Protein chains: 2
Amino acid sequence: MEPLQILECSPPLAREPLDAEQAAGVARVFKALGDPVRLRILSIVASHAGGEVCVCDINDAFELSQPTISHHLKVLKDVGLLTAERRASWVYYRLVPEALAELSGLLNTPVTV
Amino acid sequence: MEPLQILECSPPLAREPLDAEQAAGVARVFKALGDPVRLRILSIVASHAGGEVCVCDINDAFELSQPTISHHLKVLKDVGLLTAERRASWVYYRLVPEALAELSGLLNTPVTV
DNA sequence: AGCTGACATAGACTACTGTCGATATAGACA
DNA sequence: TGTCTATATCGACAGTAGTCTATGTCAGCT
């Protein structure tokens with residue numbers, strides 16, 4: 001499934017019940033956020049001045065093996081929360097702000113509650 | 001951990017990196033959202049006129065066993081997304097809008113990006 | 001008290017996930 | 001070409017999560 005299309009067709013949770021297909025797509029993204037290491041990686045990338053972070057810097061921030069971090073980065077990339085770009089020997093990850101915004105919109109509760 | 005305290009002390013992901021403890025708390029909630037059945041249950045409750053839904057109605061909305069639905073409701077309640085109230089023979093679940101709002105705030109990206 | 005219906009809990013089973021070490025791949029450079 | 005560094009992929013293993021059946025608990029009713 002195309003990463004950014006996972007979210008774009010789902011109304012806010014509080015507007016109407018999600019159908020099974022919408023729920024499956026959205027759940028993929030929330031599941032990616034449902035791990036402490038991935039949340040920390042995402043916040044490192046999201047809060048980093050310049051908007052992008054080298055994998056080597058992320059590795060340094062954790063006491064986990066390099067393959068483990070690589071795995072988590074892949075999960076975040078596969079659901080469309082991050083993008084990766086290789087430049088020379090290094091790979092830089094960057095937030096996809098639209099994805100976060102979509103999720104945030106999904107969680108909005110109507111004013112009339 | 002107290003359900004509503006899981007979220008209240010965490011800044012937006014894009015402001016500063018989460019520490020391990022914050023990430024663990026927030027991840028619990030996102031993990032609860034990372035299942036299609038739970039997302040659908042949540043959206044059923046959140047979008048229901050009157051704000052509360054009887055368990056029996058939720059059961060009817062799925063082709064899953066009653067204990068499975070009960071399990072998912074417990075997960076959502078344990079992380080503070082739903083509350084339950086028994087009245088006579090029936091149990092009614094209700095959304096905790098503040099929890100959704102907190103999550104939504106966590107995902108907000110600063111204007112300056 | 002006993003029965004019935006609504007919901008929760010317990011235990012088992014399968015499938016998935018996070019982690020690791022080992023290995024592959026890609027680029028820079030001598 | 002060969003080597004070194006950075007990152008990704010593979011395969012294995014332990015722990016976790018979703019589902020089920022069986023059973024327990026609670027409230028209302030006869």
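Nothing here was measured: the structure is a model prediction, and the numbers come from that model. Values below: every heavy atom of this structure, side chains too, minus hydrogens, waters and symmetry copies. Within every chain, numbering begins at 1; the chains are lettered A, B, ... in the order of the sequence lines, protein sequences first and strands thereafter.
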**Student:** Tell me, please, the opening and closing nucleotides of DNA chain D, 5' to 3', among those with an atom under 4.0 angstrom from a non-hydrogen atom of chain B.
**Tutor:** D:dA17 to D:dG28
**Student:** I want to confirm an ordering. Mapping A:D35 and B:A84 to their closest nucleotides on DNA chain C, which one lands closer to the 5' end?
**Tutor:** B:A84
**Student:** Rounded to whole Å, please give me the gap between CG in B:L73 and C1' in C:dA6.
**Tutor:** 13 Å
**Student:** B:L106 versus B:P12: any side-chain heavy-atom pair under 4.5 Å?
**Tutor:** no
**Student:** Could you state the CG-C1' distance from A:L64 to C:dG21, rounded to the nearest angstrom?
**Tutor:** 14 Å
**Student:** Tell me whether the side-chain N/O atoms of A:T68 come closer than 4.0 Å to OP1 or OP2 in C:dT19.
**Tutor:** no
**Student:** Do the non-hydrogen side-chain atoms of B:R40 and B:R38 ever get within less than 4.5 Å of each other?
**Tutor:** no
**Student:** Nearest-nucleotide wise, let me know which of B:H72 and B:Q66 is further upstream toward the 5' end of DNA chain D.
**Tutor:** B:H72
**Student:** Expressed as a whole number of angstroms, how long is the span from B:I69:CD1 to C:dC7:C1'?
**Tutor:** 12 Å
**Student:** Is the backbone N or O of B:S43 less than 3.5 Å from a side-chain atom of B:S47, with the two atoms forming a donor-acceptor pair by type?
**Tutor:** yes
**Student:** Do A:V45 and A:I58 have side chains that get closer than 4.5 Å, going by heavy atoms?
**Tutor:** yes
**Student:** Between A:R28 (CZ) and C:dC16 (P), how many Å, whole number?
**Tutor:** 15 Å
**Student:** If only side-chain N and O atoms of B:K74 are considered, is one of them under 4.0 Å from the OP1 or OP2 phosphate oxygen of C:dC7?
**Tutor:** no
**Student:** When you get a sec, tell me which of C:dG27, C:dC20, C:dA6 is the closest nucleotide to the side chain of A:A88?
**Tutor:** C:dG27
**Student:** In whole Å, I'd like the distance from the NZ atom of B:K31 to the P atom of C:dC16.
**Tutor:** 17 Å
**Student:** Do side-chain atoms of A:S104 reach the backbone of B:S104 as a donor and acceptor pair under 3.5 angstrom?
**Tutor:** yes
**Student:** When we call it a touch if two heavy atoms are under 4.0 Å apart, what does A:H71 touch: a base, just sugar-phosphate, or nothing?
**Tutor:** base
**Student:** What is the nucleic acid contact for B:R38, judged by heavy atoms within less than 4.0 Å: base, sugar-phosphate only, or nothing?
**Tutor:** sugar-phosphate
**Student:** With rounding to the nearest 0.5 angstrom, report the CG to CG distance, B:L33 to B:L103.
**Tutor:** 6.0 Å
**Student:** What nucleotide, of C:dG27, C:dA8, C:dC7, holds the atom closest to the side chain of A:R86?
**Tutor:** C:dG27
**Student:** C:dA6 phosphate, OP1 or OP2: any side-chain N/O from B:Y93 under 4.0 angstrom?
**Tutor:** no
**Student:** With a 3.5 Å distance limit and no angle check, can you tell me whether B:Q22 reaches the backbone of B:D19 through a side-chain donor-acceptor pair?
**Tutor:** yes
